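Below you'll find the structure, written out as structure tokens, and then a few comments.
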2 protein chains.
Amino acid sequence: MIELSRRAGIVDVAKKAGVSIATVSRVFNNTSYVSEDLVEKVIAAASSLGYKPNRVAQSLRKGRSRTIGFLVPDIVNPFFSSIVEGANRILYDTDYVSVVCSSSGDAEREGGLLETLYSSGIDGLVTVLLKEYDRHIDYVRLRGVPVVIVDDVVEEKKLSCVASDNYDGMKRLVEFLLNTGHKTFTFLGGSPETYSGKQRMRAFLDALKGKPGVRTEVISGEYTFESGFRMTDLLRKIPQAVVCGNDLIAFGAIYRLKEKGFDIPGDVSVTGFDDVVFSKMSDPPLTTARQDPYLMGEVAAKSILEKLDGNGSDGNILLHTELVIRRSTRGR
Amino acid sequence: MIELSRRAGIVDVAKKAGVSIATVSRVFNNTSYVSEDLVEKVIAAASSLGYKPNRVAQSLRKGRSRTIGFLVPDIVNPFFSSIVEGANRILYDTDYVSVVCSSSGDAEREGGLLETLYSSGIDGLVTVLLKEYDRHIDYVRLRGVPVVIVDDVVEEKKLSCVASDNYDGMKRLVEFLLNTGHKTFTFLGGSPETYSGKQRMRAFLDALKGKPGVRTEVISGEYTFESGFRMTDLLRKIPQAVVCGNDLIAFGAIYRLKEKGFDIPGDVSVTGFDDVVFSKMSDPPLTTARQDPYLMGEVAAKSILEKLDGNGSDGNILLHTELVIRRSTRGR
DNA sequence: CTGTTAGCGCATTCAA
DNA sequence: TTGAATGCGCTAACAG
């Protein structure tokens, strides 16, 4: 096969159409009127050469790239990728395109990726951060680039955050358990250093504080199946309700509890948090608090778009969660 | 808060350090020797200004960007995102960075994204395509940009593909079922228009063809839980083995079968394909054929890197699958 | 060893 | 309405 020729540029098109490069540029950006026949000639020349404007050159020249950067801790985790997907749904109706990077859970990489993204000329950034928000990371470095942080809430002006109301969701979940007659509770928490971890644990404690006849225990681990499994082995006495930091922990707990011969919810109720796709398929289907990562992404994208339009309001947005009562908790 | 000044450029650094921009460029690319004291001055000036080279300008000038583009049909599907993550693990040790796009299952968008990616100056592309491979899409358009296609096999020179050996995996799965005494089989297939769908169905049929006393039935749907659920309702008579196109279908089938009062694997064995994370947590844990999307990504990345180094071999790579026997199939 | 200069491909002044 | 010229920020000759 013959070596392919180099990509056609604006000068090739101009030459072939017998016009100046300015004219070519004008028809592609329709930035001012161009006579009918010249338009035709340019279009013809361009398509015969397979010409597409070079986005790199455009970015350099214009100072913006029509790209929104995304940085997430783990692209494989559907929670994070759903945020990106939600944003995509909004961006699809615009001429922005998204580029996403994953730090793969590596905090070291996060800073570098942020730099790279920024110096790649992104027009906006939506990110969920691994580490706690570090003002240096985006305030100093991302000069002028609008940023929205997802799944975290930082009180800092000139910054927007969108997150679920983890506190409210967990509180209502525990209150439901209380209303259905549960008296002894164990919290199998995940990652207490994260925003969501903190909020959920605090809500659990607050909901139960001072309730007569209620016994409470807290164990902390990670947001994984394995961690749920292991934490279950740490239980001294099986409580009436095992309240888990998220669905994965709940799956681990359920798995281990069943192995040990307990019936769910006959002997013990188990709850999760998130409502991942699998929660409806588990046995028994999981009672949980649903948060909507797609919506979080949509809201984040809209927020970025507004900021890009100039009329962007900073501040934080808390999204409601929805209680999903399934069969992993007993009714009464 | 005071409006942040514009980003520092190479001239700012040169000015502040009292050197020429060429010298600044040299220390940042260490492309030739620069005297100690000038290096120091440049470093000092650069860091005090927070200077980082503008990747857009670099790309335009050098004609390469040190980025690898990824295009996947659905970023939320862990199978696809794991491919990206696997590739990242390889790329992490290089100075390449990956940018990923998702077509969100929209074939229309796929072509546009490909264009965008290409004109954004990516140095290489790894993609799993929604539609069947269209030679126009990357051969004509991605002139000179190395491409590797994942989860599909196309016989086309100057192209590399990496995929699992779906045929072999499914065949061994069915043979295992045969060896454990199953006689009646139903295949609950997914997306027969995809490469994997075709291979798996063909393997199922081939494995059973001409076996004495074996009865076979094929139903086709999609690679989803809901589809598995619905296809199960289409079963006229419950077979001894329900062989599913992937794990999700199997989960749907198991769910529905249990609802109908069947015991798994007492009354009916069920198998999947993929071994998604959830397969070990399901009840019962799922017998399946494991494919390793991380590995696929690693292999794809290595292949791209080789092509970029000049010594790239084209051709296809088939990865082995591993039978994972769990408790959704009866032993004998 | 260091500085000057010419583009990379394009959008956008400014003239005509 | 169109073209010529300038420069976005940077690297790579080419001189010195």
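No experiment lies behind these values; they were computed from the predicted model shown. In what follows, chains carry the letters A, B, and so on, assigned in the order in which the sequence lines appear, proteins first and then strands, with residues in each chain numbered from 1.
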Filter on ring-ring contact (aromatic ring centres under 6.0 Å, His included), then keep only pairs touching residues 9-37 of chain A, sequence neighbours left out; what's left? A/Phe28-A/Tyr51
Using every non-hydrogen atom in the two residues, find where A/Gln291 and A/Ser164 come nearest and quote the distance to one decimal. OE1-OG, 2.6 Å
Expressed as a whole number of angstroms, how long is the span from A/Lys41:NZ to D/dT1:P? 17 Å
Over 12 foreign heavy atoms within 6.0 Å of CD, A/Glu193: yes
Residue pairs involving residues 73-117 of chain B (criterion ring-ring contact (aromatic ring centres under 6.0 Å, His included); sequence neighbours excluded): none
Looking at A/Ser59, I'd like to know whether one of its side-chain N or O atoms comes within less than 4.0 Å of OP1 or OP2 on D/dC8. no
Could you write nucleotides 9-16 of chain C as a row of B, S and -, 5' to 3', where a protein heavy atom under 4.0 Å of any base atom gives B, of only sugar-phosphate atoms gives S, and otherwise -? BBBB----
Residues in side chain to side chain donor-acceptor pair (under 3.5 Å) with A/Lys307, at least two apart? A/Ser160, A/Asp314
SB check A/Asp95 A/Arg66 (cutoff 4.0 Å): yes
Scan residues 13-25 of chain A for pairs that pass side chain to side chain donor-acceptor pair (under 3.5 Å), counting only residues two or more places apart or in two chains. A/Lys16-A/Ser48, A/Ser20-A/Thr23, A/Ser25-A/Asn29
Which angle, rounded to 10°, do you find between the first-five-pair axis and the last-five-pair axis of the helix from C/dC1-D/dG16 to C/dA16-D/dT1? 50°
Side-chain donor or acceptor of B/Glu110 paired with backbone N/O of B/Leu130 under 3.5 Å: yes
To the nearest angstrom, how far is B/Leu38 atom CG from C/dG3 atom P? 6 Å
